[in-house]
Number of protein chains: 2
Amino acid sequence: MSGETNLQQWRFALAVARNGLSVTSAAQALGVSQPAISRALKALEHTLGFDLFVRQGRALTRVTPEGEQLLDAAQRAVAEFNSLTALAQDVAGDESGSLSLATTHTQARYVLPPVITEFRRHHPSVDLNLHQGTSEQIAEMVAADRVQLAIATGSEALFNDMVLLPVYRWHRQVVVPRKHPLTRSARLTLAQLAAFPLVTYVFSFSGQSSLQQIFARADLSPKIALTARDSDVIKTYVRLGLGVGIVASVALDPREDSDLVALDAAHLFPIHTTWVGFRRGTRLREHTYDFLAFFGPHLSRRLIDRASVDPTRIPELFRRLVLPVR
Amino acid sequence: MSGETNLQQWRFALAVARNGLSVTSAAQALGVSQPAISRALKALEHTLGFDLFVRQGRALTRVTPEGEQLLDAAQRAVAEFNSLTALAQDVAGDESGSLSLATTHTQARYVLPPVITEFRRHHPSVDLNLHQGTSEQIAEMVAADRVQLAIATGSEALFNDMVLLPVYRWHRQVVVPRKHPLTRSARLTLAQLAAFPLVTYVFSFSGQSSLQQIFARADLSPKIALTARDSDVIKTYVRLGLGVGIVASVALDPREDSDLVALDAAHLFPIHTTWVGFRRGTRLREHTYDFLAFFGPHLSRRLIDRASVDPTRIPELFRRLVLPVR
DNA sequence: GATATTTACGTCCGCCGTAACTATT
DNA sequence: AATAGTTACGGCGGACGTAAATATC
């Protein structure tokens with residue numbers, strides 16, 4: 001190995017690895033020209049004396065075994081340097097900076113607005129980037145290092161190497177128009193529900209603990225009138241009488257949705273936990289700690305730090321905490 | 001904070017901190033000109049927006065509180081980057097590089113020669129730097145990051161933030177010329193010893209478990225004929241009949257010292273453990289693992305890695321190991 | 001006046017972006 | 001043809017060393 005490598009080269013290589021082995025998208029993600037990446041990568045591999053990526057023609061097809069090892073170590077080095085920078089800014093009392101987060105529709109639409117408002121009030125000069133997407137898209141943004149925080153419900157398996165902190169729990173509610181037959185029922189049952197066409201989230205019908213399976217276990221197979229990606233669409237179609245809606249409890253606004261009747265369904269479906277996550281090895285800025293505290297008041301700095309050090313202890317650390325149910 | 005800091009700046013700042021806040025010696029240690037450090041430091045502090053060092057006039061007198069925090073984090077970042085580089089070289093199968101170690105006279109003179117020989121045979125292209133000094137000097141070299149490995153006996157307190165692995169144990173032996181009265185004694189006692197002037201190491205008479213105290217506890221106060229810094233000097237004066245020598249057991253060579261008689265003194269003085277240490281957070285090169293294995297065959301890669309991860313477990317990890325006594 | 005740090009200056013090297021080129025589909 | 005990566009070129013900026021200046025003791 002002749003010569004020195006530098007952090008920038010590793011940053012570039014990591015960006016390539018994280019952006020589907022595409023030099024172009026890595027360049028876009030980092031805001032540099034594409035030749036810059038291409039050249040730096042070549043120089044890096046040259047000083048290393050071996051390749052990090054396998055090429056087919058000019059395209060990168062996969063990471064070499066050596067690359068796996070080194071990119072892993074490089075990730076740690078880059079993370080450590082980023083932590084240093086974050087610490088420096090905090091010590092400087094520098095209020096600027098950015099906070100980028102990715103979350104789902106329901107969180108962005110119903111849960112986060114007051115949190116964001118509060119945050120902006122305390123940190124007006126931090127520029128906030130909120131990205132909305134499916135769990136998969138959120139996971140992708142995290143993987144490509146485009147966001148610092150991820151907020152989602154379930155799908156923990158998609159977020160490897162992250163520290164996932166439970167924030168609050170919610171259950172499903174059934175929504176129907178006024179005067180719907182179900183409003184006369186004192187305590188809903190699955191059988192009653194299954195008698196009507198259902199309108200609910202797309203993802204509620206796939207996966208392990210899907211609604212499908214819950215009904216199936218009771219030997220019921222309800223008709224699905226419509227699956228949507230967000231609660232607003234669901235409520236719209238419930239209003240049109242298309243069927244009975246099943247939405248997250250947080251997605252109901254007493255005022256806005258006063259034309260609808262919400263029926264408790266906590267006893268029918270399992271409870272969900274919404275979490276917020278960040279990459280392991282990241283040092284959070286002061287303002288990020290603040291954001292987390294606004295989001296979940298139990299998320300004290302002390303608790304977050306402990307969880308960061310050893311994420312396997314998270315269940316234990318949160319066991320005694322009574323998370324709010326919304 | 002405006003602009004970016006870079007690793008080099010932090011390396012420089014760390015070097016200054018580690019070299020007694022002297023810009024000049026930091027420059028020498030890093031092999032760069034002194035203005036380079038001075039300038040980089042100024043630039044770093046400027047982008048940070050606050051000072052890392054307190055100045056009195058032009059001289060640096062101490063580290064600021066902010067500096068403490070940041071240099072600590074910077075150390076981690078730099079160490080992580082160095083680890084990356086070390087890994088890269090190993091993955092490249094790069095046999096070059098260097099291994100620098102600091103140790104005491106006894107180790108350098110009696111214990112290390114075969115280790116070094118073996119090492120050179122396996123890694124002829126690694127250039128080896130062996131520095132000899134007192135425990136304090138060794139600690140200083142470690143602190144200034146001028147050596148990767150330190151080998152010493154006792155003085156653990158001087159080597160903070162290091163991983164210290166026990167290698168072997170040794171006891172003291174009494175050496176006298178042939179026909180010395182003590183050679184007739186079957187089993188030495190402190191009282192017998194105290195009847196003669198003693199010749200031994202300087203450091204054996206200072207500190208916690210010094211010879212002085214051992215004799216004092218037995219109400220004895222032997223006459224000290226000479227204290228030397230190395231065993232060769234001691235043996236020389238024993239040969240001249242100046243007194244009875246007390247040396248490390250490893251410092252006796254059956255052939256070379258055939259004109260002297262060695263008397264067992266293991267029952268009189270506490271046993272010592274010689275250790276080898278390296279800074280926490282360092283990633284060792286392959287050849288360094290090899291060196292350690294040659295030095296202490298029980299120092300397997302697995303054991304070293306475990307000890308590195310959590311040095312507090314070292315006593316536990318080594319408990320079941322029977323260290324050789326020499 | 002000696003020592004250590006800072007400032008000044010000239011040079012060089014490295015990295016970047018634009019643009020042209022090339023391989024692959 | 002379009003897409004993605006590489007090579008070529010010109011320019012800018014950062015970092016270094018030498019040398020001079022300036023504090024500080």
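Atoms considered below: every heavy atom in the structure, side chains included; atoms not considered: hydrogens, waters and symmetry mates. Per chain, numbering begins at 1; letters A, B, ... match sequence-line order. In this text the structure is predicted, and so the values were computed from the model without any measurement.
- Mapping A/Val32 and B/Ala59 onto DNA chain C via the closest heavy atom, the residue that lands nearer the 5' end is B/Ala59.
- Remark: B/Asn6 is not in phosphate contact with D/dG14, judged by side-chain N or O atoms under 4.0 Å from OP1 or OP2.
- Within the structure, the side-chain hydrogen bond (donor to acceptor under 3.5 Å, both in side chains) test picks out the following pairs touching residues 20-37 of chain A (sequence neighbours left out): A/Ser22-A/Ser25.
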Between protein and nucleotides 19-25 of chain C, map the contacts as a letter string: B base, S sugar-phosphate only, - none, heavy atoms under 4.0 Å, written 5' to 3'.
-> B--BSS-
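- A donor-acceptor distance shorter than 3.5 angstrom exists from the side chain of B/Arg280 to the backbone of B/Val309, with no hydrogens or angles considered.
- Phosphate contact (OP1/OP2 of D/dT6, side-chain N/O of A/Ser38, threshold under 4.0 Å): present.
- Closest to the A/Ala36 side chain, of the nucleotides D/dA15, C/dG17, C/dC15, is C/dG17.
- Side-chain N/O atoms of B/Thr24 include none lying less than 4.0 angstrom from OP1 or OP2 on C/dT3.
- B/Ile37 places its CD1 atom 10 Å from the P atom of C/dT5, with the value rounded to the nearest Å.
- The nearest whole Å value for the distance from the CG atom in A/Leu7 to the C1' atom in D/dG14 is 17 Å.
- Between B/Ser98 and B/Asp127, the closest heavy-atom pair is CB-OD1, 2.9 Å.
- Using a 4.0 Å cut-off between charged side-chain N and carboxylate O, B/Arg301 and B/Glu286 make a salt bridge.
- Between B/Asp232 and B/Arg109 there is a salt bridge, with a side-chain nitrogen of the basic residue lying less than 4.0 Å from a carboxylate oxygen of the acidic one.
- For the pair A/Leu41 CG and C/dC16 P, the computed distance is 12 Å after rounding to whole Å.
- As judged by a 4.0 angstrom heavy-atom cut-off over every strand, A/Phe12 is placed among residues touching the sugar-phosphate backbone only.
- Protein atom CG of B/Leu60 is 12 Å distant from nucleotide atom C1' of C/dT6, rounded to whole Å.
- One can place CD of A/Gln28 at 13 Å from P of C/dG17, the figure rounded to the nearest angstrom.
- When rounded to the nearest whole Å, the span between CD of B/Glu4 and P of C/dC15 equals 15 Å.
- Dashed line: the shortest gap from a side-chain N or O of B/Lys42 to OP1 or OP2 of C/dT7 is under 4.0 Å.
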For residues 149-163 of chain A, which side-chain N or O atoms pair as donor and acceptor with protein atoms under 3.5 Å away, sequence neighbours left out?
| from | atom 1 | to | atom 2 | distance (Å) |
| --- | --- | --- | --- | --- |
| A/Thr153 | OG1 | A/Thr274 | OG1 | 2.7 |
| A/Ser155 | OG | A/Ser135 | OG | 3.3 |

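- Protein atom CZ of B/Arg11 is 15 Å distant from nucleotide atom C1' of D/dC16, rounded to whole Å.
- Comparing A/Arg39 and B/Gly31 by the nucleotide of DNA chain D that holds the closest heavy atom to each, the one mapping nearer the 5' end is A/Arg39.
- In this structure, the CG atom of B/Leu30 is 15 Å from the C1' atom of D/dG17, given to the nearest Å.
- Counting all heavy atoms, side chain and backbone alike, A/Glu95 lies closest to A/Val126 at O-CG2, 3.1 Å.
- Residue A/Gln8 places at least one side-chain N or O under 4.0 Å from the OP1 or OP2 atom of C/dC16.
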